Protein chains: 2
Amino acid sequence: MSHSYEYPRAALTVDCVVFGLDVDDLKVLLIQRKLPPYQHAWALPGGFVHVDETLDEAARRELAEESGITDVYLEQLYTFGELDRDPRERVVSVAYYALAKLSDHRIRAATDAERVAWFALDGLPRLAFDHARIVEKAIERLRGKVRYTPIGFELLPPRFTLTQLQRLYEIVLMRPLDKRNFRKKLLSMDLLIETDEVEQGVRHRAARLYRFDRKKYEKLTRQGFSFDL
Amino acid sequence: MSHSYEYPRAALTVDCVVFGLDVDDLKVLLIQRKLPPYQHAWALPGGFVHVDETLDEAARRELAEESGITDVYLEQLYTFGELDRDPRERVVSVAYYALAKLSDHRIRAATDAERVAWFALDGLPRLAFDHARIVEKAIERLRGKVRYTPIGFELLPPRFTLTQLQRLYEIVLMRPLDKRNFRKKLLSMDLLIETDEVEQGVRHRAARLYRFDRKKYEKLTRQGFSFDL
DNA sequence: CCAAAAGTGTTCGCGGTACACCCATGC
DNA sequence: GCATGGGTGTACCGCGAACACTTTTGG
């Protein structure tokens, strides 16, 4: 294999689909490209992988550099290796998806990004490269995974109401859920801790706030329990 | 970003975890390396991605070259990008997993492989690089996916008995299944076509052979049906 | 007192699970 | 005729689904 060293090599990038939950839809974070190719087009945050960093590190670095986002749930999605993805040359991209709490992040454009903004999933602009396909795949993954793992909580603040939680699932799964059944199910898992706080600043009855009990979840998981919407 | 062209680049490889179903366990196809590093160690079939082929193409090419296996179900698994995966230099590997019908393939070593062989999952030799981790991840994926998609059939010949099918699930999921319930469930999905043939060469009552109705599965899927063990 | 959302139980039907015996065939 | 696996039905239980009214709070 050592002769392979001299062969031309594909360039390697990472791209991140960052999801954020808004009041009544899912948003995706996009950056407007400062440089060609696809100059001024909207694209996923991402960039070249350095030779001395892992893929996860590269994804976090690019996310921080281009959009100011840090401390998010991040998971590898898929690697895209079509021949014509990038007009310049052969580029293979390892895609990630991230779940962010919308309110947490003061986004700001930097380095290769002219602007940064959140876009509703069903109102995305035309995207650079094959990024539309990557977003597709990310949604699919999110929809699948939200049902059998508790990643949904990554989209909510640490304390949330049951109605917020229900809205989250309704938005991600794109179907209405029954309030009573939803509460019964979730509470019966015994993974939500009722706090002694309630919602603030609403002009109707304030809802109780809950926390997700991650410790307990991990313990139950080790015992064979399986989260299931 | 164009300045990135001059940065040193990671090398890009593909590695394949090929599963085959034997009478009472799952097997993985390994090759014995002809060249250093890890000379003579057992490893997953794989190799460098050419600049003019997609990742899927690279995986199939390496599989064919090193082991003689073609025409298998192949799916991308995960991309491994730790810094020290390969002692020579930075190598990022896109891992695939494949499902083969054991009987179909006359395996043969070639190119960089000294030997090729099937190993039982719970009797694997020490593997080169981080290939043990890759196999782990592949099993996890297989176990998960076999339950909600009909990929299991890729491990069986086109015509199979219900007992074979049940054994497949028992082996992959590592737990016994009830014969009557299993049959009831599978037949009620209405995705198996009863052929007019029976098993040959057994010294007891011969079992009926069935085929998986892929067309019907695709049709039902489009209508919202979801396979579920 | 009115608007708005929070919170709360019961019934029904389906699907998963447990379980044991007779049948067909080859030797 | 015997050994070996093939093939079959029923009863119970738990869970998901459907469904509407009362309570709390702020303005």
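A, B, ... follow the sequence lines: proteins, then strands. Residue 1 opens every chain. All heavy atoms count here, side chains included; hydrogens, waters and symmetry mates do not. Computed from a predicted structure; not experimentally measured.
Atom P of nucleotide C/dA6 and atom CD of A/E194 are separated by 15 Å, given to the nearest angstrom. In this structure, CG of A/L173 is placed 15 Å from P of D/dG16, rounded to the nearest angstrom. Straight-line distance from the CG atom of A/D228 to the P atom of C/dG16: 13 Å, rounded to whole Å. Look at CZ on A/F160: it is 16 Å from C1' on C/dA6, rounded to the nearest Å. Atom CZ in B/F182 sits roughly 14 Å away from atom C1' in D/dG7 (whole-Å rounding). Remark: C1' of C/dG15 and CG of B/L186 are 15 Å apart, rounded to the nearest angstrom. Atom-to-atom, CG of A/L177 to P of D/dA18 comes out at 11 Å; the value is rounded to the nearest Å.
Nucleic acid contact for B/T163: sugar-phosphate only, since backbone atoms but no base atoms lie under 4.0 Å from a heavy atom of the residue.
Side chains of A/Y97 and A/E75: a donor-acceptor N/O pair is present below 3.5 angstrom, by distance only.
Exactly one of A/R33, A/K34, A/H40 qualifies for a side chain to side chain donor-acceptor pair (under 3.5 Å) with A/E114. That residue is A/H40.
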Checklist entry - What do the steps show when you test B/F225 against B/F227 for ring-ring contact (aromatic ring centres under 6.0 Å, His included), and what is the final call? => result CA-CA 7 Å; B/F225 164 83; B/F227 186 91; 7.1 Å; no

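Within a 6.0 Å sphere centred on CG of B/D22, other residues, nucleotides and ligands contribute more than 12 heavy atoms. Around atom CZ of B/R115, no more than 12 heavy atoms belonging to other residues, nucleotides or ligands sit under 6.0 Å away.
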Close N or O pairs between protein and nucleotides 23-27 of chain C (under 3.5 Å):
from, atom 1, to, atom 2, distance (Å)
C/dG26, O4', B/R203, O, 3.4

Mind listing the N/O atom pairs, protein and nucleotides 8-13 of chain C, below 3.5 Å?
from, atom 1, to, atom 2, distance (Å)
C/dT10, O4, A/K184, NZ, 2.9

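In summary, B/D213 and B/K215 do not engage in a salt bridge, as defined by a charged side-chain N under 4.0 Å from a carboxylate O. With respect to the salt-bridge test (charged N to carboxylate O, under 4.0 angstrom), the residues A/D228 and A/R147 do not qualify.
Between the B/R208 side chain and the B/E194 main chain, no donor and acceptor come within less than 3.5 Å of each other.
Ring-plane geometry between B/W42 and B/F119 is classed as perpendicular, the angle between the planes exceeding 60 degrees on a 0 to 90 degree scale with a lower cut at 30.
Regarding contacts with the backbone of C/dG15, every side-chain N or O of B/K185 stays at 4.0 angstrom or more from both OP1 and OP2.
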